[in-house]
Amino acid sequence: MNPTARDRAHALDAADPLGPYRLRFHGADGEVAPGVPLAYFDGNSLGRPPIASFERIERFLREEWGTRLIRGWDESWMELPFVVGDSIGRAAIGAASGQTVIGDSTTVLLYKLARAAVDAQRAGDARRTEIVLDRDNFPTDRYVLEGIAAERGMQLRWIEVDTAAGVTADQVAAATTDRTALVLLSHVAYRSGHLADAAAITRIAHDAGALVLWDLCHSAGSVPVALDEWGADLAVGCTYKYLNGGPGSPAFAYVNAARQGELAQPIQGWMGTADVFAMGPEYVAARGIRRFISGTPPIVGMLAMQDTIAMIEEAGIDAIRQKSIALTEYAIELTDAWLGPLGVSIASPRDPAERGGHVTLMHPAMRELTALLWEQDVIPDYRDPHGLRIGLSPLSTGFDETWLGLRAVRDGLASLA
Ligand SMILES: *Cc1c(COP(=O)(O)O)cnc(C)c1O
């Protein structure tokens, strides 16, 4: 079959064991309705709403908030950050219970965990004054660490990376020394989609006596993560990307059980204390993962993500990864056939073993093209310099959708030439 024929996309959809999951997301069932995108390539930035969440949210409003009112805190809400955290641990990030919690935004959780880590490291050895990170990490990760370095009189040790690839284990080995307190990296790079060798990097950092904080924003829900198996110390991740929690839904934090007792996070709030309602004269950190939360848990923000976490657990992250690889391989095939001749290059790893769930396409006209595509209800996003990011959220994206979207990229580029 001609690799670019639409029939092939239909055949891939028909053979996709996870294909029926698309029907469980609003707007993803291929029905054409006004304003509903023809192709949504941004599920890695803001996932689609699960249909089950409409009912879950309405039921919550009527039956829990509306009826139980403040009694809801005693009944289930207080435990929700831990219950949902454990379910993410189980379904998506390879974490045994008691180590994952829903907290604040990714940015705030990065700050809390990184500050706790560097303080503990320096208390153990005052010479550990460096934090290793890379130039191409997401801005918030770099900014938070810049702030911590200034606040604590530490130095940032930057790894320079190829923006079409990502950080390698060798680069981390060269950057970590007996002065390294912490290594912070993204498991899947937000720009290129590069998938880091987290097991090897964690080992290398530990051999140098450093702690590792993994940013899982573009991993959780799309690629298998094995925090316990890697022996990772810390991790944070978004829930509004592949976990479909909705705009601004709160992030999760993972703290390895072996590290919890030695880490003190800097936003000491009443919800992180041993006995929340004792309201005692001073802060006493709770034992366990509770100490990493600060204020009142964002209950409403934890509703929609529960439906996607349940789907991930049901489908299995390994099957999701297979679908994800099939989607990115298909996107690369169509790009080579249709877009290569128009001057588009691929700024993502070609080896699926080194690639997460998205592919970035480069061409000088991509900024202009993005605006044109959005007008046609084809929704990728634009990343400087000249990158069109094609996010293919595995449970909610289809092959025909990918075909339609990339055909629009081809036709749009041709019209701009
Ligand atoms: C999306 C993303 C964030 C977002 O942080 P927020 O605090 O939710 O705005 C942070 N880091 C990475 C690597 C991301 O991809």
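In each ligand, atom 1 is the first atom listed, and ligand 1 is the first ligand listed. Residues take their numbers from the sequence shown, with the count starting at 1. Heavy-atom basis, side chains included; hydrogens, waters and symmetry copies ignored.
Those atoms of ligand 1 with a heavy atom of C217 less than 4.0 angstrom away are 2 (C), 3 (C), 10 (C), 11 (N), 12 (C), 14 (C), 15 (O). In summary, the atoms of ligand 1 found under 4.0 Å from a heavy atom of S105, numbered by their order in the structure, are 7 (O). Atoms of ligand 1 lying under 4.0 Å from at least one heavy atom of S186, given by number and element, are 13 (C). Interface of H218 with ligand 1, defined as ligand atoms under 4.0 Å from a residue heavy atom, comprises 15 (O).
Residue contacts with ligand 1, taken as heavy atom pairs separated by less than 4.0 Å, do not involve L110 at all. Of all the heavy atoms of T106, the ones lying under 4.0 Å from any atom of ligand 1 are found in both the backbone and the side chain.
Counting heavy atoms of neighbouring residues, nucleotides and ligands inside a 6.0 Å radius, atom CZ of R127 does not exceed 12 of them. Residue L69 qualifies as enclosed at atom CG: its count of foreign heavy atoms under 6.0 Å is above 12.
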Worksheet entry | side-chain contact (heavy atoms from CB on, under 4.5 Å) assessment of Y111 paired with Q265 | CA-CA 9 Å; Y111 175 73; Q265 59 96 353; over 6 Å; no

Discussion item. Between V344 and T335, does the side-chain contact (heavy atoms from CB on, under 4.5 Å) criterion hold? Intermediate values first, please.
Written reply: CA-CA 8 Å; V344 172; T335 298; 4.2 Å; yes

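Under a cutoff of 6.0 Å and an axis angle of 45°, K241 and F138 form a cation-pi pair.
For atom 11 (N) of ligand 1, the closest heavy atom belonging to the protein is D141 OD1, 2.9 Å. Protein heavy atom nearest atom 10 (C) of ligand 1, with residue, atom name and distance: F138 CD2, 3.4 Å. Looking only at heavy atoms of the protein, atom 7 (O) of ligand 1 is closest to T107 OG1, 2.5 Å.
The pair K112-D104 counts as a salt bridge, with a side-chain nitrogen and a carboxylate oxygen less than 4.0 angstrom apart. Note on D178 versus R128: no salt bridge recorded, every NZ/NE/NH1/NH2 to OD/OE distance being 4.0 Å or above.
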Indicate every side-chain donor-acceptor pair of residues 207-218 with a distance under 3.5 Å to a residue at least two apart or in another chain.
residue, atom, partner, partner atom, Å
W214, NE1, T202, OG1, 3.0
D215, OD1, C217, N, 2.9

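Partner F25 forms a side chain to side chain contact (heavy atoms under 4.5 Å, CB included) with one of S393, P49, P50 and no other, that one being P50.
In this structure, A251 does not count as a contact residue of ligand 1, since none of its heavy atoms falls inside 4.0 Å of the ligand.
In terms of polar-atom proximity, defined here as any N/O pair under 3.5 Å, K241 does make such a contact with ligand 1. When only interatomic distances are considered, the shortest N/O to N/O separation between T140 and ligand 1 does not fall below 3.5 Å. In terms of polar-atom proximity, defined here as any N/O pair under 3.5 Å, Y240 does make such a contact with ligand 1. Residue-to-ligand polar distances keep Y190 apart from ligand 1: every N/O pair is separated by 3.5 Å or more.
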